[in-house]
There are 2 protein chains.
Amino acid sequence: MSANKLTAAEFHILLALADEDRHGLGIVDEVECRTDGEVLLGPGILYGSLKRMVEEGLVEEATERPDPEHDDPRRRYYHVTDRGSEALRAEASKWARVVEVALEKDILDKRAAT
Amino acid sequence: MSANKLTAAEFHILLALADEDRHGLGIVDEVECRTDGEVLLGPGILYGSLKRMVEEGLVEEATERPDPEHDDPRRRYYHVTDRGSEALRAEASKWARVVEVALEKDILDKRAAT
DNA sequence: TCACATATATCACGTTCTGATATATCAGAT
DNA sequence: ATCTGATATATCAGAACGTGATATATGTGA
């Protein structure tokens with residue numbers, strides 16, 4: 001839609017990786033759980049987005065593996081880069097603004113989402 | 001229920017129409033102004049989305065014209081339907097939840113745009 | 001009536017999304 | 001050991017969506 005914008009899938013992936021490195025299906029689980037099953041990432045959009053995001057420097061494959069004791073060598077863990085972190089912050093800020101407008105226009109009430 | 005997922009463009013259009021009926025370029029202006037020029041709807045996505053949204057019953061062409069004194073007959077004004085209103089509320093609610101998560105993960109500070 | 005801005009519309013092309021399919025490995029049961 | 005089902009990554013074709021150029025027509029003011 002406009003310059004420097006993340007797709008919804010890229011945004012959800014970055015948000016999933018914000019607090020810890022995760023592997024592909026770990027990202028899917030975090031997003032599904034966090035959105036109560038409303039955002040479901042299929043394999044196409046997941047691995048396609050991750051590939052693109054590595055190329056764009058938003059994420060990188062993690063060098064260290066969390067919990068090497070109980071590891072699964074098939075997994076590829078991803079880590080947010082500084083650039084990805086900044087893109088996430090900018091995008092989250094845009095959506096925060098949108099939610100504010102929704103409140104101003106009485107589309108949402110102020111009650112906490114639960 | 002409504003597996004009715006909105007695109008980002010549809011969401012911005014519904015949000016623009018939430019407080020008053022607007023015509024095509026009026027929607028573009030509202031979105032551009034509200035997002036500080038970060039979301040720019042070109043003619044393709046604008047009229048394409050509106051056409052689709054009428055077909056899906058999210059909006060309808062307005063019967064009455066605001067300010068008939070200084071009117072421009074080329075304009076086509078749009079009005080949000082009940083269904084569109086509900087879809088907007090649901091989508092805004094999802095993004096509100098996402099923004100909350102962003103706050104929890106320390107991606108945003110609490111003092112937002114204003 | 002001329003020039004420019006406004007307004008809607010469509011098109012070709014590129015990007016992104018969806019769901020099916022493929023391949024391989026792991027973990028536990030037989 | 002090997003069978004089975006779950007886990008994990010990957011790719012692909014077709015659909016859906018977004019982009020920017022182009023087209024057509026009309027309003028507005030000089």
Side-chain angles (χ1 to χ4, degrees), chain A residues 1-14 16-17 21-33 35 37-56 58-62 65-78 87 91, chain B residues 3-14 16-17 21-33 35 37-56 58-62 65-78 87 91:
Chain A
M1 207 170 330
S2 45
N4 203 8
K5 194 186 167 300
L6 300 173
T7 66
E10 287 171 337
F11 179 62
H12 279 292
I13 289 170
L14 285 177
L17 293 175
D21 293 355
R22 298 177 197 271
H23 67 288
L25 293 189
I27 294 169
V28 173
D29 291 343
E30 194 273 354
V31 173
E32 179 172 356
C33 174
T35 64
E38 278 164 357
V39 178
L40 303 169
L41 302 175
I45 193 57
L46 173 68
Y47 296 109
S49 296
L50 283 172
K51 187 178 179 182
R52 203 189 318 132
M53 291 166 80
V54 168
E55 286 164 2
E56 289 170 353
L58 297 171
V59 298
E60 61 195 358
E61 200 166 345
R65 305 184 70 79
D67 195 9
E69 301 298 315
H70 318 85
D71 199 12
D72 184 334
R74 294 173 301 174
R75 294 177 175 176
R76 300 180 66 183
Y77 282 88
Y78 292 91
E91 190 73 10
Chain B
N4 220 344
K5 182 184 71 171
L6 299 174
T7 67
E10 287 171 338
F11 179 62
H12 280 292
I13 290 170
L14 285 177
L17 294 175
D21 292 356
R22 297 175 199 270
H23 67 287
L25 293 189
I27 295 168
V28 172
D29 291 343
E30 194 273 355
V31 173
E32 180 172 356
C33 174
T35 63
E38 278 163 356
V39 178
L40 303 170
L41 302 176
I45 193 60
L46 173 68
Y47 297 109
S49 295
L50 282 172
K51 187 179 178 182
R52 203 189 317 132
M53 291 166 78
V54 169
E55 287 165 2
E56 289 169 354
L58 297 171
V59 299
E60 61 196 358
E61 202 167 344
R65 303 183 73 78
D67 196 9
E69 301 298 315
H70 319 85
D71 199 12
D72 184 334
R74 295 173 302 174
R75 293 179 175 174
R76 299 180 65 181
Y77 282 87
Y78 292 91
E91 191 73 13

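These numbers come from a predicted model, not from an experiment. Naming: A, B, ... by sequence-line order, numbering from 1 per chain.
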For residues 48-56 of chain B, dump all side-chain donor-acceptor pairs below 3.5 Å to protein atoms at least two apart in sequence or in another chain.
{"residue": "Ser49(B)", "atom": "OG", "partner": "Ile45(B)", "partner atom": "O", "Å": "2.6"}
{"residue": "Arg52(B)", "atom": "NH1", "partner": "Glu10(B)", "partner atom": "OE2", "Å": "2.9"}

Partner residues of [X] under the salt bridge (charged side-chain N to carboxylate O under 4.0 Å, His left out) criterion, sequence neighbours left out:
| X | result |
| --- | --- |
| Glu61(B) | Arg76(B) |
| Asp72(B) | Arg74(B) |
| Glu30(A) | Arg34(A), Lys105(B) |

Practice item. Between Arg52(B) and Gly44(A), just flag the one whose closest nucleotide in DNA chain D comes earlier from the 5' side. Key: Gly44(A)

Exercise for review: Using a heavy-atom cut-off of under 4.0 Å over every strand shown, decide if Pro73(B) touches base, sugar-phosphate, or nothing.
Suggested key: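 Touches sugar-phosphate only.
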
Practice item. Classify the nucleic acid contact of Gly42(A) as base, sugar-phosphate or nothing, counting any heavy atom under 4.0 Å across all strands shown. Key: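 It contacts nothing in the nucleic acid.
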
Review point. When you measure from the side chain of Arg65(A) to the backbone N and O of Arg75(A), does any donor-acceptor pair fall under 3.5 Å?
Key: yes

Practice item. Using heavy atoms to find the nearest nucleotide of DNA chain C for Ile45(A) and Arg74(A) separately, return the residue whose nucleotide is more 5′. Key: Ile45(A)

Exercise for review: Using the closest heavy atom to pick a nucleotide of DNA chain C for each, name whichever of Leu46(B) or Leu41(A) lands nearer the 5' end.
Suggested key: Leu46(B)

Point to revise | Qualifying residues under side chain to side chain donor-acceptor pair (under 3.5 Å), relative to Arg22(B), sequence neighbours excluded | key: Asp19(B)

Review point. Please give, in whole Å, the distance from dA25(D) P to Asp72(B) CG?
Key: 16 Å

Point to revise | Nucleotide dT26(D), atom P - distance to NE2 of His23(B) in whole Å | key: 17 Å

Review point. When you list every nucleotide of DNA chain C with an atom under 4.0 Å from a heavy atom of chain A, which one comes first 5' to 3', and which comes last?
Key: dT16(C) to dC26(C)

